[in-house]
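Working notes, beginning with the structure itself.
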Amino acid sequence: MKLPMIGAAVLAAAMTMAAGHLTAQSPPLDDSEKEIERYRQMLSDPFSNPGFLAVDRGEVLWAEKRGTKNASLEACDLGEGPGKLEGAFAKLPRYFADADKVMDTEQRLLWCMDKIQGLDTREVVTRRFSGPARASDMEDLVAFIANKSSDMKIQPQLSHAKEKEMAAVGEALFYTRGGVNDFSCATCHAEEGKRIRLQGLPNLSVKGKPAQETMASWPTYRVSQSALRTMQHRLWDCYRQQRWPVPGYGTDALTALTVFLQKQAEGGEIKVPSIKR
Amino acid sequence: MMKHIFAGAALLLSAGAALADERPSQAVIDAYLAATFGKAPPEWQARIKPDESLAVCNTTRNNPSSAQSEAMLKRESARVSYPADGKFLGDWKKGYQVANNGRGGQFSDAPNTVSGGNCFACHQLDPKEVSFGTLGPSLAAYGKDRKYDPETIKDAYTKIYNSMAVVPCSNMPRFGVNKVLDEQQIKDVMAYLFDPESPVNK
């Protein structure tokens, strides 16, 4: 497994450069769109996806005894029962009676780290997004857990009153404008076939394929960032580009948006970790 | 005919009611916002406190009633400040720089970052530039197509300074009102749109 991955990193770097070349040469629009599509096809090859390294690291972390309680995460209940990973991610976020709260994967992991392992979650959160010399337990664990729902369908959980509230608030937040540019999620994601510069924008305001393909492809390996990223990072980056204040990691508005987006993406077939530009 | 009009009106009313029913109370929404953005610096949190017009856009999903639209146009028109020297057009070359600059206003930006207008993100301008967005209409040949008409020039200044003085709940940023661009930057972007020498009009 190790050797092909080194090859994969080289290939990924080559693809990044190819993408740079692509924008620099400025071909006519139709051609450039075709080139971008070809580039996306190249990226979707699972054997060249370094995101699977994060899956492997996450598997080790899941079983590792850590924290003041010297416990692993194997007793963590992600909604399907303690230690049951298959299909758990496909139904997250969901309501957890023990916490009396709707949680996404990241929030639930932090809860388990605190309650089961006695781990210092503040330290874990300082490493929420990996960098050149900084591993992220959260990214690795989410990659591992999400991969256990690969090839399954997104099943939004909307039966509990608090899940319903999350979906409704998430929808309202999707349309809430603010920041110096008056931007909301809907500014960019409420119409078909729109672009920012050359970047296509999925319409997430309606149920259907764009929402399914979007939500079913996170977590993803971002070639441009050389890192595996989860939905927490995607939403953090969206709010950054919306010119909003910095959102807190694993907080309720982000979970509400995720519940709403999962609702829009119901039935989407999960393929993760994916690989994106 | 009358029956159809009434039926249509009833449908609109019920759709509006359904939207209002689904939308949680503002207090609930605000609690979620506080949970997520409550630790950001106070000046940043102030940026997501909607003003009167934006509050209407948020509750109606950018579909204000005719009464709300009328009030908004009046309110937002009063916030437009025109150049004291009466000149609307600056330097188109500097205007290109403003139009091409997407920096500023992000929490990842250094505090004294000069903001750009980022016009290309949403609009076609210079027809030779292939990397443009489509959220807004194409503005290629904008001045030329309008015969560089002085009234149109003033209207465009209004639109850039405060889009909602022209279109209620416009998706476009209110660049002047929200102090994203200063007067000179707006004049320069105006020149990029209206100078006959600008690539936009070539």
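Both the backbone and the side chain of C169(B) come within contact range of chain A, with heavy atoms under 4.5 Å apart.
For the atom pair E129(B) CD and R197(A) CZ, the distance stands at 5.5 Å (nearest 0.5 Å). A distance of 8.0 Å separates CZ of R195(A) from OG of S131(B), quoted to the nearest 0.5 Å. The distance from atom OG of S115(B) to atom CZ of R243(A), rounded to the nearest 0.5 Å, is 7.5 Å. We find the CD-CZ distance between Q242(A) and F107(B) to be 10.0 Å, quoted to the nearest 0.5 Å. If you take CG on N63(B) and OH on Y175(A), they are separated by 10.0 Å, rounding to the nearest 0.5 Å.
Among L254(A), V246(A), D252(A), L173(A), the residue with the largest count of heavy-atom pairs under 4.5 Å with chain B is V246(A). Each of V177(B), N171(B), N62(B), V180(B) has some count of heavy-atom pairs under 4.5 Å with chain A, and the biggest count is that of N171(B). Chain B forms more heavy-atom pairs under 4.5 Å with one residue of A253(A), G248(A), A256(A) than with any other, namely A253(A). Contacts with chain B were tallied for A168(A), P247(A), G178(A); P247(A) has the most, counting heavy-atom pairs under 4.5 Å. Across G104(B), P50(B), G136(B), the residue that shares the most heavy-atom pairs under 4.5 angstrom with chain A is G104(B). When each of A34(B), P41(B), A121(B) is checked for heavy-atom pairs under 4.5 Å with chain A, A121(B) comes out on top.
Contacts with chain B (heavy atom to heavy atom, under 4.5 Å) involve these residues of residues 179-189 of chain A, listed by number: G179(A), V180(A), N181(A), D182(A), F183(A), T187(A), C188(A).
Put simply, the side chain of Q106(B) reaches to within 4.5 Å of the side chain of Q241(A), judged on heavy atoms. Side-chain contact between E171(A) and P24(B) is absent, with no heavy atoms from C-beta onward closer than 4.5 Å. Looking only at side-chain heavy atoms (C-beta outward), E165(A) and Y32(B) come within less than 4.5 Å of each other. Using a 4.5 Å cut-off on side-chain heavy atoms (C-beta onward), T134(B) and L201(A) make no contact.
Nearest heavy atom pair, residue L135(B) against residue I196(A), reads CD1-CG1, 3.8 Å. The shortest non-hydrogen separation linking P245(A) to I48(B) is CD-CG2, 3.6 Å. Closest approach of L54(B) to R177(A), counting heavy atoms only: CD2-O, 3.6 Å.
The environment of CD in E43(B) is crowded: more than 12 heavy-atom neighbours from other residues, nucleotides or ligands sit within 6.0 Å. Crowding of K159(B) atom NZ: a count of heavy atoms from other residues, nucleotides or ligands under 6.0 Å exceeding 12. Few gaps surround CD on E183(B); more than 12 heavy atoms of other groups in view lie less than 6.0 Å from it. In E70(B), the CD atom is not crowded: 12 or fewer heavy atoms of neighbouring residues, nucleotides or ligands sit closer than 6.0 Å. More than 12 non-hydrogen atoms from other residues, nucleotides or ligands lie less than 6.0 angstrom from CD of E123(A). When the shell of 6.0 Å around CZ of R103(B) is examined, it contains 12 or fewer heavy atoms from other residues, nucleotides or ligands.
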- [ ] Any chance you could lay out the side-chain contact (heavy atoms from CB on, under 4.5 Å) test for F37(B) and Y239(A), step after step, and finish with the verdict?
- [x] CA-CA 10 Å; F37(B) 300 101; Y239(A) 274 123; 3.8 Å; yes
TODO: Determine, step by step, whether K39(B) and T251(A) satisfy the side-chain contact (heavy atoms from CB on, under 4.5 Å) criterion, reporting the C-alpha distance in whole Å, the side-chain angles of both residues, the deciding distance to 0.1 Å, and the verdict.
DONE: CA-CA 11 Å; K39(B) 285 182 181 162; T251(A) 54; over 6 Å; no
